[in-house]
Amino acid sequence: MTADPADLLVLAEKTAREAGDLVRDKREAVERMAVAGTKSTPTDVVTESDTAAEALIRSRLFATRPDDGFLGEEDGSVIGSSGVDWVVDPIDGTVNYLYGIPQYAVSIAAQIDGVVRAGVVHNPASGETWTAVAGGGAWLDGRQVRVSACASLSLALVGTGFGYDAVRRARQAAVLLEVVPAVRDIRRAGAAALDLCAVATGRLDAYYERGLNPWDLAAGGLIAAEAGAVVGGLRGAPAGNDLAMAATPGVAAELTALLERLGADRD
Ligand code: LIP
């Protein structure tokens with residue numbers, strides 16, 4: 001089956017909106033959302049909305065494209081034969097979702113032959129939807145977005161996040177101690193996909209985090225890059241689990257050098 005990124009994006013956006021309606025309605029139906037289970041640590045939670053949303057997304061994507069591959073946060077991977085692989089976080093920002101904080105997203109990316117070519121990040125609480133196809137720019141609700149013009153790290157508003165493991169968090173806090181005095185301020189909003197979209201939209205000048213999974217990063221990383229952000233890791237590595245950074249070009253080199261000096265990509 002041929003794979004046009006624009007067609008993949010249409011399917012991804014429709015699916016993300018439907019999944020977003022499901023998770024939002026489920027959250028609004030209860031005062032307190034129950035924890036259905038935990039994963040890497042007792043604070044790494046999953047709700048029945050996470051699993052229901054991922055099941056819906058799988059069903060919709062495979063109904064249209066049965067030969068594709070799939071990598072989801074909650075229910076593992078499916079090997080495909082079409083050359084298209086979907087990388088999905090049904091609820092990025094699950095802890096925010098659990099607490100009723102309206103900062104969570106459905107993130108769906110399409111890889112063609114291993115390269116992300118289309119992505120959508122949809123915030124069901126705000127209704128905001130970011131989209132991109134490779135080479136086609138980044139868009140928020142139909143309006144093209146670009147990174148900020150910040151040209152000095154000391155004036156940069158920088159987002160970050162922390163893992164679920166206490167030992168990792170202690171190390172991340174040690175790095176943060178050195179970052180805080182070097183920048184305008186820090187924001188920790190709790191959803192990597194939305195942090196990456198914030199960089200794309202100029203709401204953050206940069207974002208970095210250690211320990212992201214492919215489903216946290218895939219769609220938001222494309223959107224940030226298509227908005228003009230420098231997206232990568234440290235020491236010449238691509239963005240990935242060791243360290244993911246997205247920054248407006250005016251601060252990317254300064255932030256990269258600082259994070260490399262601090263060993264932000266190491267425990
Ligand atoms: C979350 C990320 C966030 C990170 C959290 C968690 P989840 O993903 O979006 O940036 O700081 O620790 O990994 O678990 O909500 O899909």
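Please read these numbers as outputs of a predicted model, since none were measured by experiment. All ligand and atom numbering here is 1-based and tracks the order in the structure.
In this structure, the side chain of Arg27 engages the main chain of Leu98 through a donor-acceptor pair within 3.5 Å. Thr248 places a side-chain N or O within donor-acceptor distance of the main-chain N or O of Ser148, the cut-off being under 3.5 Å.
In terms of N/O distances under 3.5 Å, ligand 1 is approached by Asp92. On a distance-only criterion, Asp44 and ligand 1 share no N/O pair closer than 3.5 Å. Considering backbone and side-chain atoms together, Ala192 places an N or O closer than 3.5 Å to an N or O of ligand 1. When only interatomic distances are considered, the shortest N/O to N/O separation between Gly93 and ligand 1 falls below 3.5 Å. Checking only distances, Phe162 does come within under 3.5 Å of ligand 1, N or O to N or O.
Annotation: side chain to side chain contact (heavy atoms under 4.5 Å, CB included) contacts of Glu18 (sequence neighbours excluded): Leu56, Arg60.
Contacts of Arg188 with ligand 1, taken as heavy-atom pairs under 4.0 Å, involve the side chain alone. Residue contacts with ligand 1, taken as heavy atom pairs separated by less than 4.0 Å, involve Asp216 solely via side-chain atoms from C-beta onward. Of all the heavy atoms of Tyr97, none lies under 4.0 Å from any atom of ligand 1, so neither backbone nor side chain is involved.
The two atoms that bring Pro90 and Glu74 nearest to each other are CG-CG, 3.9 Å, heavy atoms only.
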Does the side-chain contact (heavy atoms from CB on, under 4.5 Å) test come out yes or no for Arg65 and Phe70, once each step is laid out? CA-CA 11 Å; Arg65 296 184 57 87; Phe70 189 100; over 6 Å; no

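Look at Lys39 and Glu73 and you find a salt bridge, because one of the NZ, NE, NH1 or NH2 atoms lies within 4.0 Å of a carboxylate O, short of that distance.
Counted by atom type alone, Asp68 and Ser82 present one or more donor-acceptor pairs between their side chains at under 3.5 Å.
Residue contact annotation: Ile91 has a non-hydrogen atom under 4.0 Å from ligand 1.
When hydrogens are left out, the protein atom nearest atom 6 (C) of ligand 1 is Tyr164 OH, 3.3 Å; that is the closest non-hydrogen contact.
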